[in-house]
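Scroll down for the structure; my scribbles are underneath it.
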Amino acid sequence: MATQFPGLLLNSAGLTLAGGRSLSCRNNQPPATISSANPPSLSSTIQVVGWKGAGGSGSQNSKLFDSFEDIQVEYDWNDLETDLYHWTKTLRPVQWYPGHIAKTEKELKKQLKLMDVVIEVRDARIPMSTSHPQMDSWLGNRKRILVLNREDMISTTDRNAWATYYANQGIKVVFSNGQLGMGALKLGRLAKALAGTVNIKRKAKGLLPRPVRAGVVGYPNVGKSSLVNRLLKRRMCAAAPRPGVTRELKWVRFGKDLELLDSPGIIPMRISDQTAAIKLAICDDIGERSYDAADVAAILVQMLSRLPTVGNKALCDRYKIEADGRCGKIFVQKLALQLFNADNNQAAFRILQDFRKGKFGWIALERPPK
């Protein structure tokens, strides 16, 4: 079934509604690649297949506009990973594997045998990119709690999307803010509850009860030590907003019935997924020496320009520089000329810090896979 809607015009700039409102329709191909022999067809109407409405009233046009907005949002998220893949192909690979991590991995595998439950901490802005590819094989059948830390840095929509995704997979997830302590008490209760059967089995064997042992693991700088400190309500583990601060495993006691293992961040020896590596760099979850700040900031500009909640306008409003979102490197260079005496690195770090501090709003860089 197809219905034609008068008052909707499709031109090279995008979709225009009768009331003057417009929607941009992106084409991944640059204009030069569009053959002049086959120009895009122009029409004064759009055919919407399967749409049951009739006529062209204002309310119906409004509903259609909202529908197209939803499609645009979904399209941007689904298409962003593809764009990011192509953007990173020409860049120097991001790799970071300091010597203490290899030692940590070896010791952590030994300590896993002592753990009743494992608390895996990820960055709520990039939950997929902060998932270690070998974690499942290391943990086996051990009980696991997934913590998405820095929940204060993402929107409610992002949070709900990830909560639904993991709930559908049957994964227990806790959203937390290690700096303020949100989610810490819930995490402690959940860890004790999941490992509660340990002492039941010990009692059946005639053994005395012992504290539940929980290991806290995850990528560098995702907030593991801050979370442990919040659980303990005192500073027992060194914590700072940069990767590589914790360099050795440390058991600490939480009350009489819970022991926590704080561990250094672990990361693959070689990161094969460079789209994930770039997002780690943007979110400061990998060492600064591993990447070129100007390249990473340029990609961040291109990502933000495509996100419906940010867009070119937010970039323009903040830096007073025109942004078209097609070439982030040019944007970084313009900012460098305007504020930093042509120092691209300083301009790049300003953009990265502004994102990390929420100057563009609190947004995730990933959504659950479809």
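All residue numbers refer to positions in the sequence shown, counting from 1.
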Can you list the steps and then say if Trp162 with Val173 is a side-chain contact (heavy atoms from CB on, under 4.5 Å)? CA-CA 9 Å; Trp162 285 109; Val173 61; over 6 Å; no
Apply the test side-chain hydrogen bond (donor to acceptor under 3.5 Å, both in side chains) to residues Gln169 and Tyr165: give CA-CA distance (whole Å), side-chain angles for both, the deciding distance (0.1 Å), then the verdict. CA-CA 7 Å; Gln169 292 189 328; Tyr165 173 74; 3.2 Å; yes
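Comment: Asp354 engages Arg318 in a salt bridge, judged by a side-chain N to carboxylate O separation of less than 4.0 angstrom. Between Asp295 and Lys329, at least one side-chain nitrogen of the basic residue sits less than 4.0 Å from a carboxylate oxygen of the acidic one, meeting the salt-bridge criterion.
Counting heavy-atom neighbours within 6.0 Å of Asn160 CG, excluding the residue itself, gives a total above 12. When the shell of 6.0 Å around CD1 of Ile330 is examined, it contains 12 or fewer heavy atoms from other residues, nucleotides or ligands.
Side chains of Leu91 and Ile299 form a contact here, defined as non-hydrogen atoms less than 4.5 Å apart. When side chains are defined from C-beta on, Leu261 counts as touching Leu108, because their heavy atoms get closer than 4.5 Å. Side-chain contact between Leu84 and Lys279 is present, with heavy atoms from C-beta onward closer than 4.5 Å. Side-chain contact between Ser290 and Gln95 is absent, with no heavy atoms from C-beta onward closer than 4.5 Å. Annotation: side chain of Pro220 is not in contact with side chain of Pro264 (no heavy-atom distance under 4.5 Å).
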Result block: side-chain N/O donor-acceptor pairs under 3.5 angstrom for residues 118-125, not counting sequence neighbours:
unit_1: Glu120; atom_1: OE1; unit_2: Arg144; atom_2: NH1; d: 2.8
unit_1: Glu120; atom_1: OE2; unit_2: Arg122; atom_2: NE; d: 3.1
unit_1: Arg122; atom_1: NH1; unit_2: Pro127; atom_2: O; d: 3.4
unit_1: Arg122; atom_1: NH1; unit_2: Tyr166; atom_2: OH; d: 3.1
unit_1: Arg122; atom_1: NH2; unit_2: Ser131; atom_2: OG; d: 3.4
unit_1: Asp123; atom_1: OD1; unit_2: Arg125; atom_2: N; d: 2.9
unit_1: Asp123; atom_1: OD1; unit_2: Arg125; atom_2: NE; d: 3.1
unit_1: Asp123; atom_1: OD2; unit_2: Arg125; atom_2: NE; d: 3.4
unit_1: Asp123; atom_1: OD2; unit_2: Arg125; atom_2: NH2; d: 2.8
unit_1: Asp123; atom_1: OD2; unit_2: Arg150; atom_2: NH1; d: 2.9
unit_1: Arg125; atom_1: NH2; unit_2: Cys283; atom_2: O; d: 3.2

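Of all the heavy atoms in Ile267 and Trp96, the pair that sits closest is CG2-O, 3.5 Å. Heavy atoms only, all atoms of each residue included: Ala294 and Val332 are closest at O-CG2, 4.3 Å.
Residues in residues 154-164 take part in these salt bridge (Lys or Arg N to Asp or Glu O under 4.0 Å) pairs, two or more places apart or across chains: Glu151-Arg159, Asp158-Arg367. Sorted by first and then second residue, the side chain to side chain donor-acceptor pair (under 3.5 Å) pairs with a member in residues 200-212 read Asp116-Arg210; sequence neighbours excluded. Pairs passing the salt bridge (Lys or Arg N to Asp or Glu O under 4.0 Å) check and including a residue from residues 89-112, sequence neighbours excluded, do not occur.
As a member of the Ile/Leu/Val/Met/Phe/Trp/Tyr network built from side-chain separations under 4.5 Å, Met153 groups with Trp362.
With Phe355 as the partner, the side-chain contact (heavy atoms from CB on, under 4.5 Å) test is satisfied by one option alone out of Asp284, Val310, Leu365: Leu365.
For Phe349, there are no ring-ring contact (aromatic ring centres under 6.0 Å, His included) partners two or more places apart in sequence or in a different chain.
Using the six-membered ring where Trp is involved, Trp138 and His132 have ring planes that are tilted, between 30° and 60° apart.
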